[in-house]
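What follows is a short report on a single structure.
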Amino acid sequence: AKKNAGGTKAGDTAANAGLTPEQRRERDARALAEKQARKAAAAAEDPDVAAAQQAASAQKKKAKANKTSSSNQAMNSMLKEGLKGAKQSAAEKKKVAKRKN
């Protein structure tokens, strides 16, 4: 969702100019493999650094999950309020209809 939030498609960026979707996937896979290799090399050199990186990564994931959770809670709260309003409106309409009869 975030990729399209700015109004540009993935194929419209300068880095993707002239590349097919398959070429982009291959490029991204190579970049990911290189990143993993760098992390593995760093972990082999200094296990403490690797542990710190893992802890930071876990903390980021937890923060993201909490943000999503609070966003979902806010949405659920709004929906419940909307439903309460709809139920109250329906009840009021019934009362008005009974008064007319």
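Contacts classified as salt bridge (charged side-chain N to carboxylate O under 4.0 Å, His left out) and involving residues 49-59 (residues at least two apart or in different chains) are not found. Residues in residues 27-43 take part in these side-chain hydrogen bond (donor to acceptor under 3.5 Å, both in side chains) pairs, two or more places apart or across chains: Asn16-Arg27. Among pairs with a residue in residues 69-81, those fulfilling salt bridge (charged side-chain N to carboxylate O under 4.0 Å, His left out) read Glu81-Lys84, at least two apart in sequence or across chains.
Residues passing the side-chain contact (heavy atoms from CB on, under 4.5 Å) test with Thr20, sequence neighbours excluded: Glu22, Gln23. Residues satisfying the side chain to side chain donor-acceptor pair (under 3.5 Å) test with Glu45, not counting sequence neighbours, are none. Qualifying side-chain contact (heavy atoms from CB on, under 4.5 Å) partners for Asn76, counting only residues two or more places apart in sequence or in other chains: Leu79.
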